[in-house]
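Note that ligands are numbered from 1 as they come in the structure, with each ligand's atoms numbered from 1 the same way.
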Amino acid sequence: MTEQRGDKPDIKPFPGPAGGWGSMRSVAEILPREKVPPIAVVELLRQNKPDGFACVSCAWPKPHPPHTAEFCEEGAKATAWEITTRRTTPDFFREHSLTALREWSDYALEEHGRLTDPLRYDPETDRYVIVPWETAFADIAARLRAIDPKATIFYASGRASLETSYLYQLMARMYGNQNLPDSSNMCHESTSVGLKAAIGVPVGTTTLDDFEHCDAIFFFGQNVGTNAPRMLHQLRSARKRGVEVITFNPLRERGLERFTDPQNPIEMATGGETVISTQYHQVRAGGDIAVMTGIAKYLIEADDAARASGGEAVLDHAFIAEHTDGFEAYAAKMRAADWDEIAAAAGLTRQAIENAARVYAKSKAVMAIYGMGLTQHVKGVENVRMLVNLLLLRGNIGKPGAGPCPVRGHSNVQGQRTVGITEKTELAPVAKMKERYGFDSPTEKGLDTVEACRGVIDGSVRAFVALGGNFIRAVPETRAMEAAWRDLDLSVQIATKLNRNHLIPARGATYLLPCLGRIELDQQASGAQIVSVEDSASVIHASRGRVAPASPNLLSETAIVAGIAKALLPPNPKVEWDRWVGDYSLIRDEIAAVIPNFFADFNARLKAPGGFWKGNKAAERIWQTPSGKAEFLVPTGLDAAGFADAEGRYRLMTIRSNDQFNTTIYGYDDRFRGIKGTRQVILMNGAEIARAGLTDGQMVALESDAGDGTTRVVEGLRVTTYSVPDGCIAAYYPECNPLIALDHHAEESHVPAAKSVPVRIRT
Ligand SMILES: Nc1nc2c(c(=O)[nH]1)N[C@H]1C(S)=C(S)[C@@H](COP(=O)(O)OP(=O)(O)OC[C@H]3O[C@@H](n4cnc5c(=O)[nH]c(N)nc54)[C@H](O)[C@@H]3O)O[C@H]1N2
Ligand SMILES: Nc1nc2c(c(=O)[nH]1)N[C@H]1C(S)=C(S)[C@@H](COP(=O)(O)OP(=O)(O)OC[C@H]3O[C@@H](n4cnc5c(=O)[nH]c(N)nc54)[C@H](O)[C@@H]3O)O[C@H]1N2
Ligand SMILES: [Mo]
C-alpha cells in the first residue's frame with residue numbers, strides 16, 4: 001500500500017534562497033514520481049502562455065509578454081499532479097473499502113492518481129462501484145427534487161472555469177436557492193466585504209504594471225515564496241529599482257527574505273540572490289491592527305506637527321478632502337491610541353513600527369500586498385479596512401504604483417464570484433438572469449460556508465453538491481462535520497482525485513463524479529473548447545487544454561453540471577444546456593449578455609494575447625459606496641484575534657507548507673522552513689518551549705480553548721523550535737482543523753479565523 005503518514009522527521013534550517021537550485025530539484029523530483037511522460041513536460045512551457053493553459057495552482061496574474069517559462073515550482077507540481085499517469089480505477093475500489101481508505105493519509109489518497117469513472121457508493125459492500133453517467137444524473141435529480149431546495153448546498157472550490165461556474169450558479173438559482181458558498185468564504189471573503197465597504201469594489205485595484213511604478217511595498221501575512229511564487233519576479237525587479245519592501249509576518253518566510261531567479265542563468269551560476277524585504281517585522285499573530293494603528297498614529301501626529309510649524313504636510317489633504325469620508329473620527333482614534341498598548345498588541349517595539357512608518361511617509365506610491373494573515377481572523381475585515389485607511393492617508397489608491405493587492409488563492413476563485421457564484425443576491429446579476437431566462441429566482445440570501453456547516457451539523461441541510469474541493473477537510477470543526485455528513489440524503493462530489501471528503505458517505509446516496517482537468521483536451525460537439533478564468537488582478541484569460549484526458553470515461557465539468565441541470569430542471573427553451581455544452585462560446589455569449597459591464601464582446605476580447613482587464617472603478621477613483629467616497633473606518637480595538645490572552649493559552653496559526661496545495665499534500669518537504677518527513681509539528685520559540693516546561697522533539701497534543709464546552713483535540717504533534725513570536729505557535733492546515741470551533745470566524749465575512757485559534761498544549 002502506498003500509505004505514508006510522513007513520520008520520519010528531519011528538521012534543520014534551510015540555508016538557501018527561495019527559487020534557485022532547490023526549486024529546480026523539487027520540480028525534477030516530482031515529474032518522474034508522477035510518471036509524467038517527457039512529451040507532457042512540453043505542456044509546462046505552455047503554462048500561462050497566450051495559447052496555453054492557465055495554471056491550475058494559484059491566481060497570481062500572468063505578465064504579457066510572458067517569461068520564457070511562465071511557471072514556478074508550485075505550478076509545476078500542480079501540473080504534474082494533474083497530468084500524472086497514475087490512476088484510481090474501479091478496480092482500486094473493488095480492493096479497498098471506504099473504511100480501509102479512511103486510514104490513508106491525504107497524501108496517499110491523491111497520490112494514487114486520477115479518478116477514471118463515475119462512481120456510486122454501495123453501502124452493502126462499503127465500496128464505490130461504477131455507475132453510468134445518465135443513471136447518476138437521473139438519480140441525483142430525483143433526489144434533489146424530493147427535498148426542499150433550500151436544504152441543498154452548491155459548493156464550489158475556486159478552480160472551475162467561468163463557463164462552468166456560470167452554469168452552476170444558474171442551475172442553483174433555477175432550482176430554487178442561492179446556497180452558493182465557495183472556497184472564497186474561507187479565504188478572501190474578508191477582502192470582498194472589507195474592500196466593498198471601503199472603496200466600493202470587492203477586489204484589489206492593482207495590476208502587474210503597478211510593480212513598475214511603486215516606491216514601497218507593504219507586505220502583510222502572505223507567504224509569497226510558497227503560495228504565489230511567480231510574484232517573486234515582480235518583487236525582484238522592484239527591489240532592483242530600489243523599492244523598499246516592508247514585511248509583517250510572525251514567521252520568517254524565506255520567500256520574503258531572499259530569492260534566486262531559477263530562470264536567470266547568471267544568478268543560478270553565481271549563487272546571486274535578491275534580498276526581498278528591507279524591513280522584516282515578526283508581528284504577533286493578530287497584531288496587525290495594532291501595527292497599522294501605530295503607523296497611522298505616527299503619520300497623523302507628524303502631519304499635525306508639520307502643520308503647526310509650517311512644514312511640509314505628511315498626509316495627502318487634497319485627496320482626503322475630495323475622495324474620503326470619516327477621516328476626523330479615525331484620526332482622533334489614532335491620536336488617542338497609546339504606544340505601550342500598541343507595542344504590546346503588535347509584539348513589536350514602537351521604534352520598529354516607526355521605522356516602517358517613516359518609509360511609508362516618504363514614499364510617493366505604495367502597494368499593500370496581503371493574504372490569509374490578515375483575512376483569517378475574528379477581526380479579519382477590520383484588518384482589511386485598517387490597511388485601506390493607511391492607503392487613503394496618502395492617496396495611495398487610484399494612481400500608478402499604488403493600491404491594495406489581495407493575493408487570491410485558487411486560480412479562478414475571483415472569477416467565480418464575478419459570474420454569480422455567491423450567496424449574496426446583490427452581488428449576482430439575479431434580475432438580469434430572471435429576465436433573460438424567465439424564472440422565479442429566490443431573493444433571500446443563501447448560506448455561506450459557515451452557515452452551510454451549521455446546517456449540516458443541525459440537520460437542516462439535506463444535500464450537498466461540490467464542484468471540486470475537499471469541503472469537510474477544509475472547514476473547521478472536522479469531527480462534528482464528519483459525523484453529521486453521514487446523515488445527509490445526498491452527497492455529490494465532482495472531482496479529479498480522491499480525497500477525505502469522498503470517503504464520508506451520506507446516508508441517502510453518494511456520487512463521486514470524475515471530471516477533466518483544465519490541462520486536458522476538452523472535445524465537444526463543435527470541436528476542442530477553450531475556457532476562461534480571472535486572475536487576482538481582474539484580468540480574464542483563455543485557457544486551452546491539450547493533454548489527452550486521464551480516461552475516456554471523464555466528462556468536462558461543464559458537461560457534468562449541465563447533465564445534472566438538464567435532469568433536474570423543467571425544460572426551458574431559453575436555457576439550452578446541450579447546445580451550450582457543445583460550444584462553450586455560446587456560454588460566453590450568455591455571460592456577456594447578463595454581465596455586459598465586464599464581459600461585453602467576451603468572445604472577441606478573449607482572443608487578445610494576455611487576455612483583457614475587466615476594469616475597476618476604485619482604480620479610477622470612482623467610489624461605489626453609499627457616500628460616494630472612500631470610507632475610513634474607526635477600529636474597535638487593537639487586537640484582531642478576538643479573544644483575550646491567558647496563562648497557558650496560545651494563538652495557533654494554521655499554515656501551509658511548501659509541499660501542499662490546500663488539502664492536496666504533494667509531499668513531506670517544507671523545504672524553506674527546513675521541516676522534512678513530517679507534518680505533525682508545532683512550531684514554537686525556544687524560550688517559550690522552556691517556559692512551558694517542554695523540550696524540543698517532545699510529542700504533545702493541542703486542545704482547543706474555545707471555552708464552549710466542546711472538547712477538540714489533535715494528538716501526536718512534535719514540539720519544534722522555530723522563530724515564532726511569544727504566545728504564538730504554528731502548525732499545519734488541514735491537520736489542525738479539528739481544533740477550530742465553527743463559531744470562531746471573522747465577524748462580518750464569516751471567514752474561519754484560522755490564523756489565531758485559541759489552544760492549550762497537553763502533555
Ligand atoms: N503552493 C501553494 N500555493 C497556494 C496554496 C497552497 O496551499 N499551496 N493555496 C492557495 C490559496 S487557496 C490561498 S488562499 C493562498 C494562501 O496564501 P497565503 O495568503 O500566503 O496563506 P497562508 O500560507 O495560509 O498564510 C500566509 C502567511 O500569513 C502569516 N500569518 C499568520 N498569522 C498572521 C498574522 O496575524 N499577521 C500577519 N501579518 N501574518 C500572519 C503566516 O506566517 C504565513 O506566512 O495561496 C494559494 N496558493
Ligand atoms: N485551518 C485552515 N483551514 C483552511 C485554510 C487555512 O489557511 N487554515 N485555508 C482555507 C482556504 S484559503 C481555502 S481556499 C480552502 C480550500 O478548500 P477547497 O478548495 O475545498 O480544497 P482543496 O484542497 O483546494 O481541494 C482539493 C480537491 O479538489 C479537487 N480538484 C482538483 N482539481 C480539480 C478540478 O480541476 N476540478 C474539480 N472538480 N475538482 C478538482 C481534487 O479532488 C482535490 O482533492 O481551505 C480553507 N481552510
Ligand atoms: Mo484560498
For [atom], grab the closest protein heavy atom and report residue, atom and distance to one decimal in Å.
atom: atom 45 (O) of ligand 2; value: Y733 OH, 2.7 Å
atom: atom 34 (C) of ligand 2; value: T496 CG2, 3.6 Å
atom: atom 32 (N) of ligand 2; value: R159 NH1, 3.0 Å
atom: atom 43 (C) of ligand 2; value: E110 OE2, 3.4 Å
atom: atom 10 (C) of ligand 2; value: M186 O, 3.5 Å
atom: atom 44 (O) of ligand 1; value: E253 OE2, 2.5 Å
atom: atom 18 (P) of ligand 2; value: Y155 OH, 3.4 Å
atom: atom 11 (C) of ligand 2; value: R656 NH2, 3.5 Å
atom: atom 39 (N) of ligand 2; value: G468 CA, 3.3 Å

Is there a polar contact between ligand 2 and [X], counting only N or O atoms under 3.5 Å apart?
X: S183; result: no
X: L516; result: no
X: H410; result: yes
X: A474; result: yes
X: V475; result: no

What atoms of ligand 1 come closer than 4.0 angstrom to any heavy atom of [X]?
X: Q660; value: 1 (N), 2 (C), 6 (C), 7 (O), 8 (N)
X: V283; value: 38 (N)
X: C58; value: 47 (N)
X: G286; value: 34 (C), 35 (O)

Residue part near ligand 2, for [X], under 4.0 Å between non-hydrogen atoms:
X: I655; result: neither
X: E557; result: side chain
X: N737; result: side chain
X: A495; result: both

Should you measure from each heavy atom of [X], which atoms of ligand 2 turn up under 4.0 Å away?
X: I494; result: 37 (C), 38 (N), 39 (N)
X: I740; result: 1 (N)
X: C515; result: 36 (N), 37 (C), 38 (N)
X: T654; result: 1 (N), 2 (C), 7 (O), 8 (N)
X: G469; result: 18 (P), 20 (O), 21 (O), 25 (O), 27 (C), 28 (O), 29 (C)
X: K755; result: 7 (O)
X: Q376; result: 5 (C), 6 (C), 7 (O), 9 (N), 10 (C), 12 (S)
X: C187; result: 12 (S)

Between [X] and [Y], does any side-chain N to carboxylate O distance fall below 4.0 Å?
X: D639; Y: K379; answer: no
X: R385; Y: E382; answer: no
X: R500; Y: E482; answer: yes
X: R473; Y: E735; answer: no

*Verify salt bridge (charged side-chain N to carboxylate O under 4.0 Å, His left out) between D117 and R87, making sure each step is shown before the conclusion.*
CA-CA 10 Å; D117 294 85; R87 297 289 178 267; over 6 Å; no
Does [X] make a cation-pi contact with [Y] (under 6.0 Å, within 45 degrees of the axis)?
X: R651; Y: F643; value: yes
X: R518; Y: F53; value: no
X: R159; Y: F661; value: yes

_CZ-CG distance between R712 and L702, expressed to the nearest 0.5 angstrom_ = 13.5 Å
*Any N249 heavy atom less than 4.0 Å to ligand 1*: yes
*Give a yes/no on ligand 1: does H377 have at least one heavy atom closer than 4.0 angstrom to it?*
yes
Would you check if there is a donor-acceptor pair between the side chains of [Y] and [X] at a distance under 3.5 Å?
X: T663; Y: D106; answer: no
X: T375; Y: H188; answer: no
X: S723; Y: Q282; answer: yes
X: W81; Y: E34; answer: no

_L374, portion touching ligand 1 at heavy-atom distance under 4.0 Å_ = neither
*At a non-hydrogen distance cut-off of under 4.0 Å, which region of M372 contacts ligand 1 (side chain, backbone, both, or neither)?*
both
Measure up the [X] and [Y] rings against each other and bin them: parallel (under 30°), tilted (30 to 60°), perpendicular (over 60°).
X: H750; Y: H745; result: tilted
X: Y168; Y: F154; result: perpendicular
X: Y128; Y: Y121; result: perpendicular
X: F14; Y: F672; result: tilted

*asked:* Please determine whether ring-ring contact (aromatic ring centres under 6.0 Å, His included) holds for the pair H502 and Y511, giving the CA-CA distance in whole Å, both sets of side-chain angles, and the decisive distance to 0.1 Å.
replied: CA-CA 9 Å; H502 309 149; Y511 286 93; over 10 Å; no
*Have a look at H281 and tell me which of F220, F218, F219, F248 forms a ring-ring contact (aromatic ring centres under 6.0 Å, His included) with it.*
F248
Kindly identify the option in [options] whose heavy atom sits closest to [atom].
atom: atom 4 (C) of ligand 1; options: F219, F661, W60; result: F661
atom: atom 28 (O) of ligand 1; options: G409, G75, G221, A59; result: G221
atom: atom 9 (N) of ligand 1; options: I289, N662, N383; result: N662
atom: atom 23 (O) of ligand 1; options: T375, N227, I665; result: N227

*Between S536 and Q414, what is the shortest heavy-atom contact and its length?*
O-OE1, 3.5 Å
_Using the salt bridge (Lys or Arg N to Asp or Glu O under 4.0 Å) definition, which of the options R671, K77, R679 pairs with D659?_
K77
